[in-house]
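Structure first, commentary second.
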Amino acid sequence: MDDLTLVRDHTVYRCVMGSRAFGLATEASDTDRRGVYLAPAPLFWRFEKPPTHVEGPRDEEFSWELERFCELALRANPNVLECLHSPLVDELTPMGEELLSLRGAFLSRRAHTSFSRYAASQRGKLLADVRVHGAPRWKHAMHLLRLLLSCRDLLRTGRLTIDAGPYRDRLLAVRRGELAWDEADAWMGRLQEETETALATTSLPAEPDHARVEDFLVRARRASVA
C-alpha cells in the first residue's frame, strides 16, 4: 500500500486550514488541507512501518497518521491543535467524529509553553527581517498576531477558537503593511503580557487527558484489525 493510498482510503478526518479557516482569506488565498488517516494495524506488524505523515495527493495537502497526530496534540503543537478546531470540515468518518469529541482532552496549560515558544521563534525571524530588509514579512506578522490572540483567549476561556473574525480588519491591515512595524510589534508585546496574565488564572488543567486519548487510540487500532 503506497502512502497516497493511505490518505485516499483511510482518512478519518480532513479539514481546511490557513487563512480560510482563520477568517482571513482574500481572493489570493490558497486552500490548505490537513487530515488524519488511520493506517491499518497489520501494516505495523512488518519491519517497515507505515509513514507518520504524508504530503498530497493535492497541492497544499498534508496528513498525519492518527497516532502521530495524537502525540503532537498531547504536546499542544499549535498547528495540530488548531486542526481539531477548524470550522471547515472536508471529510469526517465516525472515527473522525470520536477524535473531534476528544478536543477538550488535548487542551492543557502545555499550550502556553508550546504556543509561546513558537511565537518567540516567529517573532525572532520577523525582527531579523526588519534588521536586514527594513520590514518584516507582513503575512507572517499577521499570522503571528492571530496565534497570540488564539493563545490568550484559550487561557482565558479554556476553549480554542481559531476564527479571527473580530480582528479581521486590523489583521489584514497588518498583512498589507499598513501598520508601522513598531505598532505591530507593540501589539505582539501586549498580547504576550495578556497571555501571561491569563495563565495565572486559567481553568485549563496542567496536563492533557493522556489516558482518555490512549484509550481512543487503542480502540481505533483494534477496529482497524477487524
Q: Find out whether Tyr13 and Glu91 are in side-chain contact, i.e. whether some heavy atom of one side chain is under 4.5 Å from a heavy atom of the other.
A: no

Q. Is a salt bridge present between Glu48 and Arg46, judged by a nitrogen-to-oxygen distance below 4.0 Å?
A. no

(Q) Quick one, Glu196 and Leu199 - any side-chain contact, counting heavy atoms below 4.5 Å? (A) yes

Q.
To the closest 0.5 Å, what do you measure between CG (Asp153) and CG (Leu191)?
A. 9.0 Å

Q.
I'd like to know if the side chain of Thr31 pairs up with that of Arg20 as donor and acceptor (distance under 3.5 Å, no hydrogens or angles considered).
A. yes

Q. Out of curiosity, does Leu217 fall in the hydrophobic cluster containing Leu43 (side-chain heavy atoms, cut-off under 4.5 Å, transitive links)?
A. no

Q.
Show the nearest heavy-atom pair for residues Ala39 and Glu65, with the distance to one decimal.
A. N-OE2, 3.0 Å

(Q) I need the Arg156 CZ to Thr197 OG1 distance, nearest 0.5 Å. (A) 8.0 Å

Q: Please examine the side chains of Leu147 and Glu82, heavy atoms only from C-beta on, and report whether any two atoms are closer than 4.5 Å.
A: yes

Q: Evaluate the criterion side-chain contact (heavy atoms from CB on, under 4.5 Å) for residue pair Arg221 and Leu38; output intermediate values, then yes/no.
A: CA-CA 8 Å; Arg221 288 278 185 253; Leu38 173 61; 3.2 Å; yes

**Q.** Nearest heavy-atom neighbours spanning Leu6 and Pro40
**A.** CD2-CD, 3.9 Å

Q: Kindly check if the number of other-residue, nucleotide or ligand heavy atoms within 6.0 Å of CZ (Arg176) is above 12?
A: yes

Q) Does the pair Glu183/Arg190 count as a salt bridge with the N-to-O cut at 4.0 Å? A) no

**Q.** Full working for side-chain contact (heavy atoms from CB on, under 4.5 Å) between Met188 and Asp185
**A.** CA-CA 5 Å; Met188 293 176 191; Asp185 189 47; 4.2 Å; yes

Q. What distance separates Thr202 OG1 from Arg152 CZ, expressed to the nearest 0.5 Å?
A. 13.0 Å

**Q.** Neighbour count above 12 (heavy atom, 6.0 Å) for Lys139 NZ
**A.** no

Q) Considering all heavy atoms of both residues, which atom of Ala119 and which atom of Leu148 are nearest to each other, and what is their separation? A) CB-CD2, 3.7 Å

(Q) Could you tell me if the side chain of Arg33 sits less than 4.5 Å from the side chain of Glu60, heavy atoms only? (A) no

Q: Return the minimal non-hydrogen interatomic distance between Ser203 and Gly158, and the atom names on each side.
A: OG-CA, 4.3 Å

Q) When rounded to the nearest 0.5 angstrom, what distance separates OG1 in Thr26 from CZ in Arg175? A) 4.5 Å

Q: Find out if a path of hydrophobic residues (ILVMFWY) with successive side-chain heavy-atom gaps under 4.5 Å connects Leu72 to Leu99.
A: yes

Q: Could you go through the side-chain contact (heavy atoms from CB on, under 4.5 Å) check for Leu171 and Trp187 one step at a time?
A: CA-CA 11 Å; Leu171 288 171; Trp187 188 9; 3.8 Å; yes

Q: Determine which pairs satisfy ring-ring contact (aromatic ring centres under 6.0 Å, His included) with at least one residue from residues 55-96, sequence neighbours left out, and list them in order.
A: His53-Phe62, Phe62-Trp64, Trp64-Phe69

Q: Measure the shortest side-chain to side-chain distance between Met17 and Phe22 over non-hydrogen atoms and say whether it is less than 4.5 angstrom.
A: yes

Q) Cluster question for you: counting only ILVMFWY and a side-chain heavy-atom cut-off of under 4.5 Å, with indirect links fine, are Val16 and Leu100 together? A) no

Q.
Check for me, please, whether Leu92 and Val7 land in the same ILVMFWY cluster - side-chain distances under 4.5 Å, paths through other members count.
A. no

Q. Does a side-chain heavy-atom distance below 4.5 Å link Leu144 with Leu126?
A. yes

Q) Which heavy-atom pair separates Phe115 from Leu81 by the least distance, and what is that distance? A) CE1-CD1, 4.1 Å

(Q) Does atom OH (Tyr118) have a neighbourhood of more than 12 heavy atoms from anything else shown, all under 6.0 Å? (A) no

**Q.** Rounded distance (nearest 0.5 Å) linking atom OG of Ser29 with atom CD of Glu27
**A.** 9.5 Å

Q: To the nearest 0.5 Å, tell me how far Leu24 CG sits from Asp163 CG.
A: 8.0 Å

Q) Side chains of Leu160 and Ser150: does their closest heavy-atom pair fall under 4.5 Å? A) yes

Q. Ser19 versus His143: any side-chain heavy-atom pair under 4.5 Å?
A. yes

Q: Identify the heavy atoms of Lys125 and Arg137 that sit nearest to each other, and give their distance.
A: CB-NH2, 3.9 Å

Q: Would you indicate whether Asp59, at its atom CG, is surrounded by more than 12 heavy atoms from other residues, nucleotides or ligands within a distance under 6.0 Å?
A: no

(Q) Please check this pair: side chain of Arg110 against backbone of Pro208, looking for a donor-acceptor N/O pair closer than 3.5 Å. (A) no

Q.
Please check: side-chain N/O of Ser114 versus main-chain N/O of Ala76, any donor-acceptor pairing under 3.5 Å?
A. yes

Q: Using ring pair (Phe, Tyr, Trp, His ring centres under 6.0 Å) as the criterion, list what pairs up with Phe106, not counting sequence neighbours.
A: none

Q.
Please check this pair: side chain of Thr113 against backbone of Arg109, looking for a donor-acceptor N/O pair closer than 3.5 Å.
A. no

(Q) Between Arg219 and Asp215, does any NZ, NE, NH1 or NH2 come within less than 4.0 Å of an OD or OE carboxylate oxygen? (A) yes

Q.
Run Tyr37 and Asp3 through side-chain contact (heavy atoms from CB on, under 4.5 Å) and show every step you take.
A. CA-CA 11 Å; Tyr37 59 91; Asp3 294 357; over 6 Å; no

Q. Mind checking whether Val89 and Val12 sit in one hydrophobic cluster, side chains of I, L, V, M, F, W, Y counted as touching below 4.5 Å?
A. yes

